[in-house]
Amino acid sequence: MLRTILLGPPGAGKGTQADRIVEKYQVPHISTGDIFRENIKNGTELGKKAQEYMNRGELVPDDLVVEIATDRLLKDDCKAGFLLDGFPRTVYQAEKLDEFLEAHGQKLDKVIDLEVGEQELMVRLTGRRVCKNCGASYHIVNIPPKKEGICDKCGGELIQRADDNEETAKNRIDVYNKETAPLVDYYEKAGNLARIDGAQPADQTFESITAALGQ
Ligand code: AMP
């Protein structure tokens, strides 16, 4: 049983570490960004609503996000715990999550804050490429695929996320500093924050995370 949140700016490596955490702890990976991208791909109403905000690097309105996140947390697979990635992103969302957990007799075990400097974040975001087919993540310099533009895992085409261009990436970091960074304080006060150096190589970052989770 593990109930945890992965906090950190865009480009800190939340997706990469989330994949490893869910494999080790066997909990569902709940990424609100992934849920939105899936809805955009499928042309749903939710996707249409979210897309305009996402393309500008802005946050999708709180009430919409809280609804989709709490709906997801009500699914059976979350009884064994969960890993939240990219939610909550505002103090309001964190308060709503606390209300939800309290109403369901649940408590967070840990909040992992992945810390990476801004310059490094920009390098990571603008160089990121993702597989159109399976979502696997690469970096043109740090984690290049074996064959340029092609996913090692499934042979799918590698593309740049629409919001990973320089201007939108910069805006996402600014939005993070303004809206999401206060959550570090919020969870520190709650007493369950673990600060992790996300600038380390991915393997070492994962070791630091498992040490903090202590299970
Ligand atoms: P991510 O994949 O987590 O980087 O999210 C991509 C985009 O989805 C963000 O830049 C936001 O526009 C939107 N998004 C994802 N999660 C949230 C959230 N918890 N609150 C508001 N917007 C979100």
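Order of appearance sets the numbers: ligands from 1, and atoms from 1 within every ligand.
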Undergrad: State plainly whether the residues Arg161 and Asp163 are in salt-bridge range, i.e. N to O under 4.0 Å.
TA: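 Judged by the 4.0 Å cut-off on N to carboxylate O distance, Arg161 and Asp163 do form a salt bridge.
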
Undergrad: Tell me whether Thr32 has any N or O atom under 3.5 angstrom from an N or O of ligand 1.
TA: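 Indeed, backbone or side chain, Thr32 has an N or O that close.
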
Undergrad: Taking only heavy atoms of Arg161 into account, list the atoms of ligand 1 that are under 4.0 Å away from them.
TA: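 Selected atoms, number and element: 1 (P), 2 (O), 4 (O), 6 (C).
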
Undergrad: Taking only Lys NZ, Arg NE, NH1 and NH2, and the carboxylate oxygens of Asp or Glu, determine whether Asp164 and Arg172 approach each other closer than 4.0 Å.
TA: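 Yes.
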
Undergrad: When you check the side-chain N and O atoms of Asp63 and Tyr92, is any donor under 3.5 Å from an acceptor?
TA: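 Checked: Asp63/Tyr92 side chains pair up, N/O donor to acceptor below 3.5 Å.
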
Undergrad: Looking only at the side chains, is there a donor atom on one of Thr168 and Asn165 sitting less than 3.5 Å from an acceptor on the other?
TA: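 A donor-acceptor contact under 3.5 Å links the two side chains.
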
Undergrad: Between ligand 1 and Arg56, can you find any atom pair, the residue atom being a heavy atom, that is separated by under 4.0 Å?
TA: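 No, Arg56 has no heavy atom closer than 4.0 Å to ligand 1.
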
Undergrad: Please state which option from Arg89, Gln93, Glu179, Glu58 has its nearest heavy atom closest to atom 11 (C) of ligand 1.
TA: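 Result: the heavy atom closest to atom 11 (C) of ligand 1 is in Glu58.
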
Undergrad: Flag Gly86 as yes when one of its N or O atoms lies below 3.5 Å from any N or O atom of ligand 1, and as no otherwise.
TA: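 Such a contact does occur with ligand 1.
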
Undergrad: Could you measure the distance from the CG atom of Asp109 to the CG atom of Leu213? Nearest 0.5 Å is fine.
TA: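 Atom-to-atom, Asp109:CG and Leu213:CG are 8.0 Å apart.
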
Undergrad: What do we get for Val65 next to ligand 1 when only non-hydrogen atoms under 4.0 Å count, side chain, backbone, both or neither?
TA: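 Looking at Val65 and ligand 1, just side chain atoms fall under 4.0 Å.
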
Undergrad: Give a yes or no on whether Gln119 atom CD has more than 12 heavy-atom contacts from other residues, nucleotides or ligands under 6.0 Å away.
TA: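 No.
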
Undergrad: For atom 7 (C) of ligand 1, which candidate among Met54, Glu52, Lys14, Arg172 holds the nearest heavy atom?
TA: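 Closest candidate by heavy-atom distance is Met54.
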
Undergrad: Give the atom numbers and elements of ligand 1 that come within less than 4.0 Å of a heavy atom of Gly33.
TA: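 Here the atoms of ligand 1 in question are 2 (O), 5 (O), 15 (C), 16 (N).
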
Undergrad: Can you see whether Gln17 engages Asp85 through a side-chain donor-acceptor pair at a distance of less than 3.5 angstrom?
TA: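 No - no donor-acceptor pair under 3.5 Å links their side chains.
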
Undergrad: Measure from NZ or CZ of Arg56 to the centre of the six-membered ring of Tyr53 and say whether it is under 6.0 Å with the direction within 45° of the ring axis.
TA: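 The answer is yes, since Arg56 meets both limits relative to Tyr53.
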
Undergrad: Nearest protein heavy-atom contact for atom 22 (N) of ligand 1: which residue, which atom, what distance?
TA: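 Here the nearest protein heavy atom works out to Val60 N, 3.0 Å.
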
Undergrad: So is there a nitrogen or oxygen of Arg37 less than 3.5 Å from a nitrogen or oxygen in ligand 1?
TA: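 Among all N and O atoms of Arg37, at least one is under 3.5 Å from an N or O of ligand 1.
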
Undergrad: Answer yes or no: does an N/O atom from Ser31 fall short of 3.5 Å to an N/O atom of ligand 1?
TA: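 In fact, backbone or side chain, Ser31 has no N or O that close.
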
Undergrad: For Leu59, counting its heavy atoms only, list the atoms of ligand 1 lying under 4.0 Å from any of them.
TA: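 Those of ligand 1 that fall under 4.0 Å from Leu59 are 21 (C), 22 (N).
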
